[in-house]
Amino acid sequence: MAGQRVRTRFAPSPTGYLHVGGLRTALYNYLFAKKMNGDFIIRIEDTDQSRKVEGAQRNLITTLEWAGIIPDESPEHGGNCGPYVQSERLHIYAGYCQQLLEDRNAYYCFSTPEELEENRQLQLKQGLQPKYNRKWLPEEMGGSMPSSEVRKKMETGSPYVIRMKVPDYVSVWFEDIIRGPIEFDSSTIDDQVLMKSDGFPTYHFASVIDDHLMEFTHIIRGEEWLSSMPKHLLLYEFFGWEPPKFAHLPLLLNPDRSKLSKRQGDVAVEDYIRKGYSSDAIVNFVALLGWNEGEGSEKEVYSMQELIDRFSLERVGKAGAIFNVDKLNWLEKQYIKERPAEKLVQSIRPTLHTELEKRGTMMPLERITSDEYLTSVVELMRERVGFEHEFVTFSSYFFFEPESYEEEGLKKRWNADTNDLLREFLPYLESLEVFSSENIETCLKEFVAPKGLKAAAIIHPLRLLTSGFSFGPSLYHMLEVLGKETVIRRVLHGIEKITVPA
RNA sequence: GGCCCCAUCGACUAGCGGUUAGGUCACCACCCUUUCAAGGUGGCGGCACGGGUUCGAAUCCCGUUGGGGUCACCA
């Protein structure tokens with residue numbers, strides 16, 4: 001094991017969308033592998049045919065790649081340890097199962113689900129812990145079932161499962177990278193089903209076989225798997241394999257501290273993508289949910305590369321963490337503030353075009369879709385938006401005429417003279433040769449000074465008429481970007497429309 | 001209920017025997033300012049409890065409480 005190349009895996013079942021908890025598990029696996037110059041692999045655990053969802057595999061991988069988590073091996077990328085889909089490895093499991101049977105570490109069980117349930121109820125009624133009663137444990141393995149009975153059932157073609165024979169009263173011990181030593185008593189665990197009656201392996205069996213065959217050095221997975229460790233460890237022992245190192249991650253929690261689940265908010269990564277979160281922010285946020293670099297670091301914003309450089313499993317916490325959107329929102333803003341304008345421009349274009357198709361604009365199309373124009377908008381708005389799409393939706397006045405004027409603003413900023421004042425100011429604006437923020441500012445101040453008025457008397461109404469809102473970026477800069485024509489048109493139109501509040 | 005895991009501000013966390021218990025988000029106030037943001041300054045707010053060990057415990061040990069996970073022919 002020493003000196004071996006690190007290999008980690010993310011092994012989702014294709015039953016739906018990628019859960020944010022799954023994203024974090026995948027991320028930690030990825031970060032650890034990359035930090036150690038190793039490989040990160042995706043394996044699909046589709047041993048439950050009934051839960052399989054069409055397209056889920058594709059979706060899982062696409063979403064991970066969106067997040068920047070690119071596998072070195074996967075069903076879609078290939079690799080030397082394939083196939084990477086468990087339903088294509090059935091013959092492998094069958095072989096290993098046969099070995100277990102021969103070594104008397106596993107046995108056939110013909111109990112029906114109804115029988116099992118009945119037994120369970122009975123035990124419950126007697127105040128006992130529900131546990132398989134080992135009815136079909138053969139005589140030669142210490143049970144009470146004669147092998148003739150087993151053979152008889154076999155010959156009649158009765159459906160069966162194969163169970164592992166858990167040794168009585170042995171202590172199973174291992175050292176978790178995150179949690180330290182953990183010990184279990186085998187008497188508390190059941191004779192786990194290894195092979196289901198449909199011929200498919202259970203998770204426990206398939207994952208142990210594959211983890212070994214695919215040569216993973218570290219298994220990093222959610223805490224919900226901690227309690228099945230003894231079963232897995234016993235299997236490694238049966239086969240005489242050296243188990244990999246294990247790290248069980250703390251769970252992601254709902255605000256009420258239960259395991260993060262639907263019905264208490266969004267849990268699918270796609271939900272957050274749809275809302276407009278960037279992979280930068282999501283990855284950064286999720287990485288910090290359970291990990292920090294410690295040593296007095298006060299860094300909050302990490303790129304993927306920085307995470308790779310600094311990640312370590314030893315610094316993953318033990319306690320569950322609540323998925324709190326406030327911090328995510330803040331991170332998203334940090335990234336928007338830092339992101340190069342070209343990138344922002346590029347990413348808002350699609351939103352802009354769909355909006356333009358829907359609404360139509362009075363502004364020159366070539367101008368408002370130009371790099372130059374969009375860059376100005378982005379620079380003016382980047383500290384004021386929470387999501388990239390808000391460059392278009394939240395500040396739509398850069399592209400469309402205001403459809404209404406904020407009522408609160410009107411009430412506060414309008415008086416009987418306002419319309420006349422604006423009408424009088426218009427020619428001054430119109431006379432500006434160069435419609436720059438500096439010129440607009442001087443012009444406005446020179447207009448207002450002799451009247452003994454404050455600049456605010458005209459600043460606020462001007463903002464209201466040109467944007468429809470009482471808030472926004474620096475007025476002079478905003479007007480410059482909008483351009484003389486648009487500004488004059490909007491003011492004129494506004495004066496017509498607005499009647500002075502009584 | 002059995003087994004297992006966990007426990008520092010509302011949230012994410014630093015802390016690994018001696019700190020005025022630090023940072024970030026959120027919240028509040030002030031400053032900056034034409035508005036809104038951004039930014040700056042400050043504030044609010046925490047070691048679950050009880051026993052030990054120790055000259056000294058947030059830190060080590062035990063217990064209590066609380067929370068979570070898991071007990072499937074699901075993963």
Side-chain angles (χ1 to χ4, degrees), chain A residues 11-15 45-48 50-51 86 109 111-113 116-117 120 124 127-132 159-163 176 178-179 182-185 187-190 192-204 206-207 221-230 248 250-251 253 255-259 285 288-301 317-331 333 337 380-386 409 412-413 441 444 454-460 462-464 467 469-476 478:
Chain A
S13 63
T15 53
E45 311 227 322
D46 60 344
T47 52
D48 185 352
S50 64
R51 294 210 309 160
Q86 291 187 324
C109 167
S111 298
T112 64
L116 258 20
E117 180 56 23
R120 212 179 71 89
L124 241 31
L128 297 167
Q129 289 305 316
K131 205 176 166 186
Y132 175 59
Y160 62 84
V161 302
I162 294 167
R163 289 179 182 271
D176 191 277
I178 294 170
R179 290 155 208 283
I182 299 173
E183 194 175 3
F184 299 86
D185 187 332
S187 64
T188 64
I189 56 178
D190 227 341
Q192 177 64 40
V193 171
L194 265 19
M195 282 294 200
K196 303 184 268 187
S197 55
D198 62 0
F200 277 69
T202 57
Y203 164 85
H204 303 284
S207 77
R221 72 220 308 190
E223 192 187 340
E224 68 264 34
W225 295 110
L226 199 50
S227 47
S228 28
M229 272 306 285
H248 288 91
L251 261 19
L253 273 24
D256 72 354
R257 293 218 156 263
S258 58
K259 185 174 167 180
F285 176 62
L288 258 20
L289 247 31
W291 172 86
N292 72 85
E293 64 174 310
E295 288 174 32
S297 167
E298 287 172 9
K299 195 171 165 62
E300 299 284 343
V301 181
K318 301 185 225 280
I322 294 175
F323 190 93
N324 178 250
V325 189
D326 281 335
K327 184 91 169 252
L328 211 207
N329 289 339
W330 175 79
L331 271 172
K333 283 192 167 193
K337 272 179 11 188
L380 241 34
M381 293 303 293
R382 70 190 318 156
E383 283 176 355
R384 286 162 242 266
V385 298
K412 193 170 171 192
R413 305 294 187 186
E441 181 168 1
L444 190 144
K454 280 196 191 171
I458 201 149
I459 283 176
H460 296 293
L462 217 40
R463 176 189 297 286
L464 237 356
S467 75
F469 294 101
S470 66
F471 56 87
S474 152
L475 178 80
Y476 306 119
M478 180 177 96

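So you know, we letter chains A, B, ... as the sequences are listed, proteins then strands, and number each from 1.
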Q: Within the structure, does a side-chain N or O atom of A:K131 lie under 4.0 Å from either OP1 or OP2 of B:rG2?
A: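 No, outside the criterion.
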Q: Scan nucleotides 6-12 of chain B against the protein and return all N/O pairs shorter than 3.5 Å with their distances rounded to 0.1 Å.
A:
{"unit_1": "B:rC12", "atom_1": "OP1", "unit_2": "A:R257", "atom_2": "NH2", "d": "3.2"}
{"unit_1": "B:rC12", "atom_1": "OP1", "unit_2": "A:I322", "atom_2": "N", "d": "2.9"}
{"unit_1": "B:rC12", "atom_1": "OP2", "unit_2": "A:R257", "atom_2": "NH2", "d": "3.4"}
{"unit_1": "B:rC12", "atom_1": "O2'", "unit_2": "A:L288", "atom_2": "O", "d": "3.2"}

Q: Using the C1' atom as the reference point in each nucleotide, state the distance between B:rA26 and B:rU13 in Å, no decimals.
A: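 Their C1' atoms lie roughly 15 Å apart.
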Q: Between B:rC4, B:rU35, B:rA37, which nucleotide gets closest to the side-chain atoms of A:F184?
A: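 Minimum distance to the A:F184 side chain belongs to B:rC4.
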Q: Would you say the side-chain atoms of A:D190 pair up with the backbone N or O of A:Y132, donor to acceptor, closer than 3.5 Å?
A: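 Confirmed, A:D190 side chain pairs with A:Y132 backbone.
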Q: Atom pairs, N/O to N/O, protein against nucleotides 71-75 of chain B, distance under 3.5 Å?
A:
{"unit_1": "B:rC73", "atom_1": "O2", "unit_2": "A:S197", "atom_2": "N", "d": "2.8"}
{"unit_1": "B:rC73", "atom_1": "O2", "unit_2": "A:S197", "atom_2": "OG", "d": "2.6"}
{"unit_1": "B:rC73", "atom_1": "N3", "unit_2": "A:S197", "atom_2": "OG", "d": "3.2"}
{"unit_1": "B:rC73", "atom_1": "N4", "unit_2": "A:S111", "atom_2": "O", "d": "3.3"}
{"unit_1": "B:rC74", "atom_1": "OP2", "unit_2": "A:K196", "atom_2": "NZ", "d": "2.9"}
{"unit_1": "B:rC74", "atom_1": "O2'", "unit_2": "A:D48", "atom_2": "OD2", "d": "3.0"}
{"unit_1": "B:rC74", "atom_1": "O2'", "unit_2": "A:R51", "atom_2": "NE", "d": "3.2"}
{"unit_1": "B:rC74", "atom_1": "O2'", "unit_2": "A:R51", "atom_2": "NH2", "d": "3.4"}
{"unit_1": "B:rA75", "atom_1": "OP1", "unit_2": "A:T47", "atom_2": "OG1", "d": "2.7"}
{"unit_1": "B:rA75", "atom_1": "OP1", "unit_2": "A:K196", "atom_2": "NZ", "d": "2.7"}
{"unit_1": "B:rA75", "atom_1": "OP2", "unit_2": "A:Y203", "atom_2": "N", "d": "3.1"}
{"unit_1": "B:rA75", "atom_1": "O3'", "unit_2": "A:E45", "atom_2": "OE1", "d": "3.1"}
{"unit_1": "B:rA75", "atom_1": "O2'", "unit_2": "A:S13", "atom_2": "OG", "d": "3.2"}

Q: Is A:N292 close enough to B:rA14 that one of its side-chain N or O atoms is under 4.0 Å from OP1 or OP2 there?
A: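 The answer is yes; a side-chain N or O of A:N292 sits under 4.0 Å from OP1 or OP2.
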Q: Pick the C1' atom in B:rG45 and in B:rC28, then give their distance to the nearest Å.
A: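 Rounded to whole Å, the distance is 12 Å.
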Q: Taking N and O atoms by type only, does the side chain of A:R413 place a donor or acceptor under 3.5 Å from a partner on the base of B:rU35?
A: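 Under the 3.5 Å cut-off, the side chain and the base do not form any donor-acceptor pair.
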Q: Which part of the nucleic acid, if any, lies within reach of A:K454 when heavy atoms closer than 4.0 Å are counted: base, sugar-phosphate only, or nothing?
A: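 Answer is nothing: A:K454 stays at 4.0 Å or more from every strand.
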Q: Students often mix this up, so state it plainly: with edges at 30° and 60°, are the rings of A:W225 and A:H204 parallel, tilted or perpendicular?
A: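 Because their plane-to-plane angle is over 60°, the rings of A:W225 and A:H204 count as perpendicular.
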Q: Base, sugar-phosphate, or nothing: which does A:I182 touch, judged by heavy atoms less than 4.0 Å apart?
A: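 Counting heavy atoms under 4.0 Å across all strands, the contact made by A:I182 is with sugar-phosphate only.
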Q: Here's a test for you: under side chain to side chain contact (heavy atoms under 4.5 Å, CB included), which of A:P14, A:P12, A:P201, A:S207 qualifies with A:E45?
A: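 In the set A:P14, A:P12, A:P201, A:S207, the residue that makes a side chain to side chain contact (heavy atoms under 4.5 Å, CB included) with A:E45 is A:S207.
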Q: In whole Å, measure the gap between the C1' atoms of B:rG10 and B:rC47 for me.
A: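 One C1' to the other, the span is 16 Å.
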Q: Going by purine N1 to pyrimidine N3 plus the second Watson-Crick contact, or the G-U wobble pair, all under 3.5 Å, which nucleotide sits opposite B:rU20?
A: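 In the structure as shown, B:rU20 has no Watson-Crick or wobble partner.
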Q: Please give the distance between the P atoms of B:rC5 and B:rC61 as a whole number of Å.
A: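 Looking at atom P only, B:rC5 and B:rC61 are 13 Å apart.
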Q: Between B:rG51 and B:rG68, how far apart are the C1' atoms? Round to whole Å, please.
A: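 To the nearest whole Å, 26 Å.
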Q: Between the base of B:rU34 and the side chain of A:S474, is there a donor-acceptor distance below 3.5 Å?
A: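 Such a pair is found, so the answer is yes.
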